[in-house]
Amino acid sequence: MASLSFRHVYKKFPGGVTAVSDFTLEVKDKEFLVLVGPSGCGKTTTLRMIAGLEEITEGELFIGDQLVNDIAPKDRKIAMVFQNYALYPHMSVFENMSFGLKLSKTPKEEIKRRVEEAARILDIVHLLDRKPKALSGGQKQRVALGRAIVRNPKVFLLDEPLSNLDAKLRAAMRTELIKLHQSIGTTFIYVTHDQVEAMTMATRIVVMKDGLIQQVDTPQNLYDYPCNLFVAGFIGTPQMNFINGTLEKKGEDIFFNFEDKSVKLPAEKANNPAIKDYIGREVILGIRPECIHDEPVHISTFKDSVIDAYVDVTELMGAEIYLYLKVGEETSLISRVSSRSTSRAGDTIKVAFDMSRIILFDKDTERFIIH
């Protein structure tokens, strides 16, 4: 098995395009690391540099303790699973899974053993004689995974492998990949733009934007303690609400003012030394949809942060309701409330902010001020 070490890695394409900048990261052995970010952020390019399909322009990449910048892809002991599966249509499942082993002149008995073991892990033993055209999307995905498993790679690279599947199958395959990672104990590096996949599968997530690492942390820490406005908005569904306003000190208390509303910061946030330089200045307040409440019990609990809001649209999601709210002229919010909520489109209601869960951001740098 293997760890990976990126040391100031850059990828520059002809024409002055820098796809990846100063990528520095330690990937632990047996970790499930997910690279996530919008299209064009450099995550697939990073994966292809690990595979050796793209040359590194600057910097060093180690797999284990071996520098691999100039090592051919076939000698890196990695396996890559692509978005489109890349199965040979004229070959059976067995032949597809064994093809790489045949090229490396692995003995026939060893090939048979490895393919059957991988097929058993992936529950596709009954499909070994079929051709790809007779397989469903999920079965093709398992075959593509099986072809990688049989090579006993040190590192698994997966480039948006679930994006071609429907929503239900995607959810099922997420679970299968987590179990697969646990059972074979190999380092997984997984690329996706779907933050739900990242949150549910990763031991750590790398959030990327414009070729730069924004933040690396566990899913829960990224959700609770985003380092900047981009990470806060990218992680979480529905995304975090952002409100422009100013901080005002009244006596010992600090208030956040926006539109014609004012909400009080709890003592633990108001007493944070980082906040004193922002009194009287514009800041951005971030609050998750589940921290905006319409239930009477919360209205009475968070009485220092109750405001009036107009319900524009409601979306019933089954176990919960999304309320799309308008506050004043410019502020739009999303609240995630219980399915028992009586709030309806067209109502003007009272909502309460759980101010213990807010994050304040610097309007200019977009970095967090306090969590």
Side-chain angles (χ1 to χ4, degrees), residues 4-10 18-28 31-43 45-46 59 189-247 254 256 265-266 268-279 281-291 334 353-371:
L4 284 89
S5 180
F6 295 85
R7 301 179 188 176
H8 306 289
V9 169
Y10 286 77
T18 302
V20 177
S21 296
D22 198 18
F23 195 97
T24 299
L25 181 69
E26 298 293 325
V27 184
K28 300 172 190 142
E31 186 168 20
F32 199 131
L33 187 86
V34 177
L35 306 179
V36 70
S39 296
C41 71
K43 53 191 186 297
T45 301
T46 302
I189 301 179
Y190 187 103
V191 159
T192 182
H193 63 270
D194 184 335
Q195 53 96 14
V196 174
E197 282 181 21
M199 290 290 286
T200 53
M201 298 168 74
T203 48
R204 281 194 306 160
I205 298 173
V206 180
V207 183
M208 295 183 69
K209 179 191 178 192
D210 300 333
L212 293 164
I213 294 177
Q214 301 295 303
Q215 189 171 354
V216 185
D217 215 326
T218 63
Q220 195 63 53
N221 281 348
L222 279 180
Y223 190 80
D224 292 336
Y225 309 111
C227 70
N228 61 28
L229 212 60
F230 174 78
V231 175
F234 195 83
I235 300 293
T237 305
Q239 80 162 46
M240 181 179 277
N241 296 290
F242 298 115
I243 310 169
N244 292 308
T246 55
L247 293 176
I254 295 177
F256 176 78
L265 271 64
E268 69 271 13
K269 293 197 184 291
N271 294 334
N272 190 311
I275 215 167
K276 68 179 190 296
D277 293 334
Y278 289 88
I279 303 300
R281 290 173 55 186
E282 276 195 80
V283 295
I284 298 170
L285 181 145
I287 184 166
R288 296 280 181 198
E290 64 269 23
C291 301
I334 303 176
F353 291 2
D354 179 354
M355 296 294 286
S356 68
R357 302 276 303 279
I358 65 156
I359 303 172
L360 293 179
F361 298 93
D362 185 301
K363 193 167 186 197
D364 297 323
T365 66
E366 299 189 349
R367 298 285 300 174
F368 84 95
I369 303 164
I370 57 166
H371 286 120

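The model shown is predicted, which means the values in this text are computed figures rather than measured ones. This chain uses plain numbering: 1 for the first residue, then up along the sequence.
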Where do Ile358 and Leu265 come nearest, in terms of heavy atoms and distance?
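Nearest pair, atom of Ile358 first, then Leu265: CD1-CG, 4.3 Å.
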Determine the minimum heavy-atom distance between Ile213 and Thr24, stating which atoms define it.
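Closest pair (atom of Ile213, atom of Thr24, distance): CD1-O, 3.8 Å.
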Check whether [X] reaches the backbone of [Y] with its side chain - one donor and one acceptor, N or O, closer than 3.5 Å.
| X | Y | value |
| --- | --- | --- |
| Lys43 | Gly37 | yes |
| Gln215 | Cys227 | yes |
| Arg357 | Glu290 | no |
| Thr192 | Val36 | no |
| Asp362 | Arg367 | no |

Could you check if a side-chain atom of [X] sits within less than 4.5 angstrom of a side-chain atom of [Y], using non-hydrogen atoms only?
| X | Y | result |
| --- | --- | --- |
| Val283 | Phe361 | no |
| Leu222 | Phe234 | no |
| Leu247 | Phe256 | yes |
| Ile370 | Tyr278 | no |
| Met199 | Ile205 | yes |
| Lys363 | Asn244 | yes |
| Pro226 | His371 | yes |

Might you work through the side-chain contact (heavy atoms from CB on, under 4.5 Å) test for Tyr225 and Ile359, ending with a clear yes or no?
CA-CA 8 Å; Tyr225 309 111; Ile359 303 172; over 6 Å; no
Separation between CG of Asn228 and OG1 of Thr365, rounded to the nearest 0.5 Å
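It is 9.0 Å, given to the nearest 0.5 Å.
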Is it the case that over 12 heavy atoms from other parts of the model lie below 6.0 angstrom from the CZ atom of Arg204?
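Atom CZ in Arg204 is crowded, with more than 12 foreign heavy atoms closer than 6.0 Å.
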Ser356 vs Glu268, test: side chain to side chain donor-acceptor pair (under 3.5 Å). Steps then yes/no.
CA-CA 8 Å; Ser356 68; Glu268 69 271 13; 5.2 Å; no
Phe32 vs Tyr190 aromatic rings, parallel, tilted or perpendicular, using cut-offs 30° and 60°?
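The rings of Phe32 and Tyr190 sit tilted, inter-plane angle from 30° to 60°.
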List the steps and the verdict of side-chain contact (heavy atoms from CB on, under 4.5 Å) for Met208 and Val191.
CA-CA 11 Å; Met208 295 183 69; Val191 159; over 6 Å; no
Side chain to side chain contact (heavy atoms under 4.5 Å, CB included) partner of Leu25, chosen from Thr46, Val9, Leu4, Val206:
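One option only clears the test, and that one is Val206.
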